[in-house]
Structures are given as C-alpha cells and as structure tokens.
Amino acid sequence: MENTILRLFPAEKRSFWEYTAAHQRFVREIRLRADRPIVIYIDGKEVFLDREGHFTERMQEAGSITAEELSKLLEHICHYSLYAYEDELRQGFLTVAGGHRIGVAGQAVPEDEKNLRTIKNITFINIRVSHEIKGAADRVLPRIYGEGNLKSTLIISPPGCGKTTLLRDLIRQVSDGNKWGKGMTVGVVDERSEIAGAFCGKPQNDVGMRTDVLDACPKSLGMMMLLRSMSPEVIAIDELGDGEELEALRRAAVCGCRILATAHGESREDVMSRFDVPEGVWKQLFRMVIILGKEQGSCVVKRMEEEGGDYA
C-alpha cells in the first residue's frame, strides 16, 4: 500500500508521524485538537501518541499539537491556498490524495440562517484514513445474485461497522464482473467523497472499470443527473438519509436500475420506521437486506434477509 498518510504533514513534522504512517493499514482516525492529547483510533481501540510519536495507552504520556501547528497543517493540506478549498471547507471536510477525508471544526461564519460562508479559526481536525479492502464483499456476493441477475440490496449498519467498505467492494466487483454475474455499468453518487475517495474528480479507490462517479453532489440530485446522462444499470449511494433520496431511488428502480445503498440502523424495521415507508414499497425497492454489526470488536455480517416479491 502506498503510504499517503505521511504526505499529509509538512516535511519538518514527518519524522514525528513516521510510526503512525508505518501502521497506516490499521489506523482509522487521527484526531487533532489544539492543546489536547493526540488521539489515534486503530483497529477499534483508542490510543494516544506520545511525545516521540509512538502509540501509548497512558493519557499522561500523550503529546499534543498547538493551534499554530494545526493552522500550518491545514495550509499544507490545502497546498497553501485555503481560498481554493473554501467551498469544500464550508461543508466541514475535504478529500485529499489517497481518498482520506479531512474533517474540520472551529468558528463557523454564517452566510444566512441555513448556509455557512466559511469556517475559520480551525482548531479541530479529524483525519479519516481511507481503507480499501478488496474481497470485503466476497462472502455476500453469492446471495445478492440470482440466476446471474443482481438483486437490489440495502446494507444496514450502526456507525463504524464497515458498511462503506462493504459497499465500495460490492461496487467494484459488480462493475468488473464476477463469477456470479457479468460486469455492469454502475453510477455512484459520492456526496461526501467516501466511496471513491475522488481527488480532483479522479477516484483514488478502485471502484471498478465500468463505474462512473458523481463526486460531492447531493444524492437526490445526483441520482437524477446520472440517470439522464450516464445510463447506469446500477445506482449506488452511501447513507440513505431522507425521503427525497428514497424517492430518487424509487425513480431509478422504475427506470430499470438495480440499487446498492447503505443506511444507518440496527435492523430493517428500524430503518423502515424512520422513513415511514409501506412494507410493500420497501420489498419492491430492495430484494436483499444485509445487516452488519460487531462481535468481539470485529465488524461482521450478522444476517442477510431476502425479501419476497418482485424487484426492479
């Protein structure tokens, strides 16, 4: 794996981050807060960085980062042109080479009651490390195909249980084709740049040879745009959020598209109640439901539920 974490930091600080970068494949998040302990989330466990840049579980040994250092880090990440990244920063995050997502918080500057002009005095940064796990979908692939046809599938999961990782690998294998079905044209609406991890419009993650990505676009709008312009056989989105997005999925299904989507939740009933959708409509939209969870700290497929009836 190419080490893309080390390049996030200014050259004079890289020696401090070498140990963390060496463990990039296990690191999930790097939490930086001005004058607070540096926190690393690695394999589901919280650790700190000591003053030498090594992992420690003892908070009293933790090193910290100053507001000035955070400011210099952000300038480096933005190639010393914060203005060029203003549109992304007002959303609270930006995506960088390698597909990593940099979340920021600080002083919000409102444009009006509903919109932000920008965020300034940024003193909180969360580096979410992108992970591609090819083969993550191997176990579920046989169940989401029937006689060579892809079944529209919803992945339900609490936060941090691997739903985006699973979705990403499903997209790749559906797009490239696999032993269960031929390759299909997939349209991905990647509103928060977490699936493809696009940087300057180019996916940093492998999402398949027949996949088209609409990056940083609202999902309900993006699905309609892809249907009009790219003729997808499959529409894929992460984190179904509201009724408008669900209606866009329904319209895509009516157009003959298969659906690959995720949603926060504990069960099918949990998600259905949140969207207040009649069960008949739900069964027509999703043929397969995959429930993820954690067992002994590891992300697992808890169960797979196949709906009866036809699907689009």
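The structure displayed is predicted, hence computed values, not measured ones.
- When every heavy atom of Asp270 is checked against every heavy atom of Gly265, the shortest pair comes out as OD2-CA, 3.2 Å.
- The shortest heavy-atom contact between Ala62 and Phe48 is CB-CB, 3.6 Å.
- Between Arg90 and Glu111 there is no salt bridge, since none of the side-chain N atoms of the basic residue sits less than 4.0 Å from a carboxylate O of the acidic one.
- The closest donor-acceptor contact from the side chain of Arg258 to the backbone of Leu150 lies under 3.5 Å.
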Would you sort out whether Ile144 and Trp180 count as a side-chain contact (heavy atoms from CB on, under 4.5 Å), showing the intermediate values?
-> CA-CA 9 Å; Ile144 68 168; Trp180 308 102; over 6 Å; no
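- The closest side-chain heavy-atom distance from Ile237 to Leu249 is below 4.5 Å.
- Checked by atom type and distance alone, the side chain of Ser71 never pairs as donor or acceptor with a backbone atom of Ala67 at under 3.5 Å.
- In this structure, Glu132 and Asp206 approach most closely via the heavy-atom pair OE2-N, 2.7 Å.
- Tracing side-chain contacts under 4.5 Å through hydrophobic residues (I, L, V, M, F, W, Y), one reaches Leu6 starting from Val129; they form part of the same cluster.
- Within 6.0 Å of CD on Glu247 lie more than 12 heavy atoms contributed by other residues, nucleotides or ligands.
- If you take CD on Glu61 and CG on Asp50, they are separated by 7.0 Å, rounding to the nearest 0.5 Å.
- One hydrophobic cluster, built from ILVMFWY side chains closer than 4.5 Å, cannot hold both Val109 and Ile119; they sit in different ones.
- Rounded to the nearest 0.5 angstrom, Arg143 CZ and Thr153 OG1 are separated by 10.0 Å.
- Of the charged side-chain nitrogens involved, at least one lies within less than 4.0 Å of a carboxylate oxygen, so that Lys72 and Glu68 count as a salt-bridged pair.
- Residues Val189 and Leu221 share a hydrophobic cluster, clusters being chains of Ile/Leu/Val/Met/Phe/Trp/Tyr side chains in contact below 4.5 Å.
- In terms of hydrophobic clustering, with Ile, Leu, Val, Met, Phe, Trp and Tyr side chains grouped at heavy-atom distances under 4.5 Å, Val47 and Phe26 are assigned to a common cluster.
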Verdict with reasoning, Val174 to Tyr145, per side-chain contact (heavy atoms from CB on, under 4.5 Å) = CA-CA 10 Å; Val174 167; Tyr145 282 89; 3.5 Å; yes
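- Here the side chain of His264 pairs no donor or acceptor atom with the backbone of Gly241 at under 3.5 angstrom.
- Side chain of Asp176 to main chain of Gly208: no donor-acceptor pair is present (N/O by atom type, distance under 3.5 Å, no hydrogens or angles).
- Once rounded to the nearest 0.5 Å, the distance linking CZ of Arg7 with NE2 of His76 reads 9.5 Å.
- Residues Thr95 and Ala198 approach most closely at CG2-O, 3.5 Å, considering heavy atoms.
- Of the possible donor and acceptor atoms, none in the side chain of Arg51 sits under 3.5 Å from a partner among the backbone N and O of Gly63.
- Side-chain atoms of Gln173 never come within 3.5 Å of backbone atoms of Ile171 as a donor-acceptor pair (strictly under, hydrogens ignored).
- Atom OH of Tyr80 is surrounded by more than 12 heavy atoms from other residues, nucleotides or ligands within 6.0 Å.
- At a threshold of 4.5 Å between non-hydrogen side-chain atoms, the residues Arg128 and Glu194 count as touching.
- Taken from CD1 in Ile291 to CD in Glu305, the straight-line distance is 5.0 Å, to the nearest 0.5 Å.
- When each of Val207, Leu226, Val186 is checked for a side chain to side chain contact (heavy atoms under 4.5 Å, CB included) with Val213, only Val207 meets the rule.
- Classified by interplanar angle (parallel below 30°, tilted 30° to 60°, perpendicular above 60°), the ring pair Phe9/Trp17 is parallel.
- Within 6.0 Å of CE on Met224 lie more than 12 heavy atoms contributed by other residues, nucleotides or ligands.
- Taking CD of Glu191 as the start and CG of Leu214 as the end, the distance is 10.5 Å to the nearest 0.5 Å.
- Residues Val39 and Arg33 meet the side-chain proximity criterion, which asks for heavy atoms closer than 4.5 Å.
- Tyr41 does not carry Arg28 over the face of its six-membered ring by the limits of under 6.0 Å from the centre and within 45° of the normal.
- Heavy-atom contacts from other residues, nucleotides or ligands closer than 6.0 Å to CE of Met59 number 12 or fewer.
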Please assess Phe55 against Leu49 for the test side-chain contact (heavy atoms from CB on, under 4.5 Å), listing each intermediate value before the final yes or no.
-> CA-CA 5 Å; Phe55 300 153; Leu49 279 193; 3.5 Å; yes
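- For the residue pair Leu292 and Pro158, the shortest heavy atom distance occurs at O-CD, 3.4 Å.
- In the hydrophobic cluster analysis, where Ile, Leu, Val, Met, Phe, Trp and Tyr join through side-chain heavy atoms closer than 4.5 angstrom, Ile127 is grouped together with Leu82.
- Checked by atom type, the side-chain pair Asp35/Ser64 shows no donor-acceptor distance below 3.5 Å.
- Proximity of Ser130 to Arg101: side-chain heavy atoms (C-beta onward) are nowhere separated by under 4.5 Å.
- In this structure, Arg251 places its CZ atom where only 12 or fewer heavy-atom neighbours from other residues, nucleotides or ligands lie under 6.0 Å away.
- When side chains are defined from C-beta on, Leu166 does not count as touching Ile133, because their heavy atoms never get closer than 4.5 Å.
- Salt-bridge formation is not detected for the pair Arg210/Glu233: no Lys NZ or Arg NE/NH1/NH2 atom is positioned less than 4.0 Å from an Asp or Glu carboxylate oxygen.
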Could you walk me through whether Lys134 and Asp169 pass the side-chain contact (heavy atoms from CB on, under 4.5 Å) test, one step at a time?
-> CA-CA 6 Å; Lys134 293 187 175 181; Asp169 197 54; 4.2 Å; yes
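- Residue-environment remark: CD (Glu46) exceeds the threshold of 12 foreign heavy atoms within 6.0 Å.
- Counting heavy atoms from C-beta on, the side chains of Val271 and Val289 never come closer than 4.5 Å.
- Put simply, the side chain of Tyr85 does not reach to within 4.5 Å of the side chain of Ile102, judged on heavy atoms.
- The nearest pair of heavy atoms linking Gly197 to Asp190 is N-OD2, 3.7 Å.
- One distance of note links CG of Leu227 with SG of Cys255; it measures 5.0 Å at 0.5 Å rounding.
- A salt bridge links Glu57 with Lys45: the distance from a Lys NZ or Arg NE/NH1/NH2 to an Asp or Glu carboxylate oxygen falls below 4.0 Å.
- Taking the side chain as every heavy atom from C-beta outward, Pro10 and Leu73 approach each other to under 4.5 Å.
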